[in-house]
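Below is one structure; the comments refer to it alone.
Values in this document were obtained by computation on a predicted structure and should not be read as measured data.
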Amino acid sequence: MVDGDWWYDARSGAYGRSGGACAGYARAVAGTLPRAGGPLRGDCSAGDTGVYVNDRRLDRREWDLWRSHVGAGTMSSPGRYVLDARGNLARELGGPVLANVDALKATYAGGHA
């Protein structure tokens, strides 16, 4: 990883530059690294929607990418979701798994969204 100011989601393995969208997923260490730098901040990636994944607010481009992979109906309106290291997406307050987003994670390979 290149030096700089980064955010890291210890629950899912997602990471990105501060103020930027997700750049990739650290699959091998997802869920195993300590929460370096403290809790994940909602504004760490400068999101502009009401859609949160593991407390991180998504921007419009990233939300559109998520919806194209999980189905527009699954994330059709603002809300709060959790994503685990296995790629399971669910509503934050509980309930069944809505989708598995391993295919979505693969689109971030090499830092491309």
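Taking 4.5 Å as the limit, some side-chain heavy atom of R61 sits within range of a side-chain heavy atom of D59. Proximity of R57 to V51: side-chain heavy atoms (C-beta onward) are nowhere separated by under 4.5 Å. Between E62 and T49 the shortest side-chain heavy-atom distance does not fall below 4.5 Å.
From E92, atom CD reaches atom CG of N54 across 8.5 Å, with rounding to the nearest 0.5 Å. To the nearest 0.5 Å, the span separating OH on Y15 from SG on C22 amounts to 7.5 Å. The line from CZ of R56 to SG of C44 is 6.0 Å long, rounded to the nearest 0.5 Å.
Applying the salt bridge (Lys or Arg N to Asp or Glu O under 4.0 Å) definition to pairs two or more places apart or across chains, none involves residues 12-24.
Between D9 and R11 there is no salt bridge, since none of the side-chain N atoms of the basic residue sits less than 4.0 Å from a carboxylate O of the acidic one.
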Open item on the list: For W66 and V101: C-alpha separation, side-chain torsions, deciding distance, then whether side chain to side chain contact (heavy atoms under 4.5 Å, CB included) applies.
Closed with: CA-CA 8 Å; W66 276 79; V101 298; 3.9 Å; yes

TODO: Let me see the working for L40 and Y8 under side chain to side chain contact (heavy atoms under 4.5 Å, CB included), right down to the final yes or no.
DONE: CA-CA 7 Å; L40 188 64; Y8 174 70; over 6 Å; no

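The side chain to side chain contact (heavy atoms under 4.5 Å, CB included) search around N88 returns D84, R86, V97, N100, not counting sequence neighbours. Remark: R67 pairs with R60, W63, D64, M75 by the side chain to side chain contact (heavy atoms under 4.5 Å, CB included) rule, at least two apart or across chains.
The cluster map of Ile, Leu, Val, Met, Phe, Trp and Tyr, joined by side-chain heavy atoms under 4.5 Å apart, puts V82 and Y25 in different clusters. When hydrophobic clusters are built by joining Ile, Leu, Val, Met, Phe, Trp and Tyr residues whose side-chain heavy atoms come closer than 4.5 Å, directly or via intermediates, L58 is grouped together with L98. Cluster membership for Y81 and V70, using ILVMFWY side-chain heavy atoms within less than 4.5 angstrom, is shared.
S12 places no side-chain N or O within 3.5 Å of a backbone atom of L83 that could act as its donor or acceptor partner. Side-chain N or O atoms of W7 include one that pairs as donor or acceptor with a backbone N or O of G20 at under 3.5 Å.
Residues P96 and A90 approach most closely at O-CB, 3.8 Å, considering heavy atoms.
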